[in-house]
Amino acid sequence: MKVLMINKFLYPNGGSETYIFKLGDYLKSHGHEVQYFGMEHEGRCVGNSVNAYTSDMDFHGGSVLSKLTYPIKTIYSSEARKKLRLVLDDFQPDVCHINNFNYQLTPSIILEIVKWRKQTGHKCRVVFTAHDYQLVCPNHMCNNPNTGENCEKCLGGHFLKCAKGKCIHGSTAKSAIGTMEAVFWKLNGVYKYIDTMICCSEFLKTKMDTNPLFAKKTVALHNFVDKVEWKEVPKKDYVLYFGRFSKEKGIDTLTKVCKELPDVQFIFAGTGPLEEAINGIPNIKNVGFQKGAELEKLIREARFSIYPSEWYENCPFSVMESQMYGTPVLGADIGGIPELIEVGKTGELFESGNAAELKEKIRHLWSDKGLTDQYSRDCKDISFDDIEEYGEKLMKIYQGK
């Protein structure tokens, strides 16, 4: 089978890039042909045989002329269609697997795939993996950055709410462009050509399903994780938070609770805008951004970890990773987080943003070492999909089964 992976970034930039690279490697290891289409960039590490990519769009730099044309190019890209057509004619894919495409590639690429299919008679399925809420919320997050509150006003196609709320970076201009893009493609009906929409959580699926067209196409499939060796290691007396230090991650609420629990030792591993506030709290040790063996050791030795997010998380790898390493999770009951924690076995939940309940749950888990040790042992029974298991399910989607 020939699979064309489409993503605006073709270099390591975030979760969607890790996803397409690992999937591509898996598919190639099973005898399939894989090529990539997206934006040219000095860091690009994958590609296609005709070297056709869209121009690098730098929204934070570039010439004055390029900035003036960006509003048009972020809605519709004739360049993306032309470059993609070169790849389609050469590679002749059986599946076009689309990932993040808005703004840099635009939904116009879907129109080119449809045009190519009609003109050549080649059968090619169009599969889309939703890594965020982009198709139902122009700012991707269902969260108003001006108030910090979760927002569902655009669900159901009411995209004018985005412009009214200045929901994209708090900017009237950017929000207007995002609104125009969403309205234009809603009226165009381009998404009807997508055969299957993969959602990385049941929660994300429920939001996508607010569009009746999408509801006929969505499937929920949690992200895959690498299997790790199970080891029962001695726990140390600290509670771990690892991730971004920002408001939507619940850091304000968590630090407030930390101050009220001076006898509990916390370790924070990460970076972000709220770092200064963290550094001033005596019972929080900030070890900065960690990765690899250092992060693994921190996770494995923690009594338990906390994931206090206050926005609609989808399928946070941190929650899965903690349990894989034998550390239970106290997670916020929001978004896709509850789908990943077996309450009373691999962790517990608290009401997102509820400082009093978070404090109570931390105190409860901290004071009962026997309970957290049992949760830790139970973590060995978790059953997240690895790349092989995920790949088998994906192949059925590719084949239209």
Is [X] reaching over with its side chain to a backbone N or O of [Y], donor-acceptor style, under 3.5 angstrom?
| X | Y | result |
| --- | --- | --- |
| Tyr238 | Leu298 | yes |
| His41 | Gly43 | yes |
| Gln104 | Phe101 | no |
| Lys28 | Val34 | no |
| Ser352 | Ser309 | yes |
| Asn146 | Gly165 | yes |
| Lys285 | Ile267 | no |
| His122 | Pro93 | yes |
| Ser29 | Tyr26 | yes |
| Lys259 | Ile281 | no |

Which atoms form the tightest heavy-atom contact between [X] and [Y], and what is the distance?
| X | Y | value |
| --- | --- | --- |
| Cys258 | Asn283 | O-ND2, 3.0 Å |
| Asn7 | Leu10 | O-CD2, 3.6 Å |
| His97 | Tyr398 | ND1-OH, 2.6 Å |
| Met208 | Val136 | CA-CG1, 4.1 Å |
| Tyr36 | Asp25 | OH-N, 4.5 Å |
| Thr106 | Thr74 | CG2-O, 3.5 Å |

Is the closest side-chain heavy-atom distance between [X] and [Y] below 4.5 Å?
| X | Y | result |
| --- | --- | --- |
| Asn143 | Tyr312 | no |
| Met320 | Cys315 | yes |
| Leu371 | Glu348 | yes |
| Cys142 | Asn150 | no |
| Gln323 | Ile341 | yes |
| Pro12 | Cys45 | yes |
| His30 | Glu388 | yes |
| Pro316 | Leu340 | yes |

(request) Look at Lys361 together with Glu357 and state whether they make a salt bridge at an N to O cut-off of under 4.0 Å. (result) yes

For [X], look at atom [atom1] and say whether over 12 heavy atoms of other residues, nucleotides or ligands are found less than 6.0 Å away.
| X | atom1 | result |
| --- | --- | --- |
| Lys166 | NZ | no |
| Lys153 | NZ | no |
| Lys217 | NZ | yes |
| Lys235 | NZ | yes |

Checking side-chain polar atoms at under 3.5 Å, does [X] have a donor or acceptor matched by the opposite partner on [Y]?
| X | Y | value |
| --- | --- | --- |
| Glu152 | His158 | no |
| Thr54 | Lys8 | no |
| Tyr307 | Ser318 | no |

To the nearest 0.5 Å, tell me how far [X] [atom1] sits from [Y] [atom2].
| X | Y | atom1 | atom2 | answer |
| --- | --- | --- | --- | --- |
| Glu351 | Glu310 | CD | CD | 10.5 Å |
| Phe268 | Phe245 | CZ | CZ | 7.0 Å |
| Leu111 | Tyr76 | CG | OH | 6.5 Å |

(message) Between Lys393 and Glu389, does the salt bridge (charged side-chain N to carboxylate O under 4.0 Å, His left out) criterion hold? Intermediate values first, please.
(response) CA-CA 7 Å; Lys393 295 174 182 177; Glu389 294 163 322; over 6 Å; no

(request) Compute the centroid of each ring, for Tyr241 and then for Phe266, and state whether the two points are separated by less than 6.0 Å. (result) no

(request) Only counting residues at least two apart or in another chain, list the ones meeting side chain to side chain donor-acceptor pair (under 3.5 Å) with Ser201. (result) none

(message) Going by side chain to side chain contact (heavy atoms under 4.5 Å, CB included), Ile6 matches just one of Asn99, Val87, Ile20, Ile98. Which one?
(response) Ile98

(message) With salt bridge (Lys or Arg N to Asp or Glu O under 4.0 Å) as the test, pick out the partner of Glu112 among Lys82, Arg85, Lys118.
(response) Arg85

(message) Apply side chain to side chain contact (heavy atoms under 4.5 Å, CB included) to residues Glu301 and Leu240 and explain how you reach the verdict.
(response) CA-CA 9 Å; Glu301 294 181 349; Leu240 177 66; over 6 Å; no

(request) Please list, chain by chain and in numerical order, all residues satisfying side-chain contact (heavy atoms from CB on, under 4.5 Å) with Ala355, sequence neighbours excluded. (result) Thr253, Lys256, Val257

(request) Take Leu155 and Tyr133, measure what side chain to side chain contact (heavy atoms under 4.5 Å, CB included) needs, and give me the verdict at the end. (result) CA-CA 10 Å; Leu155 299 189; Tyr133 303 93; over 6 Å; no

In a table with atom names and distances, give each donor-acceptor pair under 3.5 Å that connects a side chain of residues 188-198 to protein atoms at least two apart or in another chain.
from   : atom 1 : to     : atom 2 : distance (Å)
Asn188 : OD1    : Val190 : N      : 3.4
Asp195 : OD2    : Val126 : N      : 2.7
Thr196 : OG1    : Arg125 : NH2    : 3.2

Distance-only criterion, 3.5 Å: show the donor-acceptor pairs between side-chain atoms of residues 220-231 and protein atoms not counting sequence neighbours.
from   : atom 1 : to     : atom 2 : distance (Å)
His222 : NE2    : Glu339 : OE1    : 2.7
Asp226 : OD2    : Lys22  : NZ     : 2.9
Lys227 : NZ     : Phe384 : O      : 2.9

(request) Mind jotting down which residue pairs meet the ring pair (Phe, Tyr, Trp, His ring centres under 6.0 Å) criterion with at least one end in residues 332-368? Sequence neighbours excluded, please. (result) none

Residues 177-186, side-chain donor-acceptor partners within the protein, below 3.5 Å, at least two apart:
from   : atom 1 : to     : atom 2 : distance (Å)
Thr179 : OG1    : Phe159 : O      : 3.4
Thr179 : OG1    : Ala163 : N      : 3.1
Thr179 : OG1    : Ser175 : O      : 2.8
Glu181 : OE2    : Asn102 : ND2    : 2.5
Trp185 : NE1    : Ile75  : O      : 2.8
Lys186 : NZ     : Gly157 : O      : 3.1

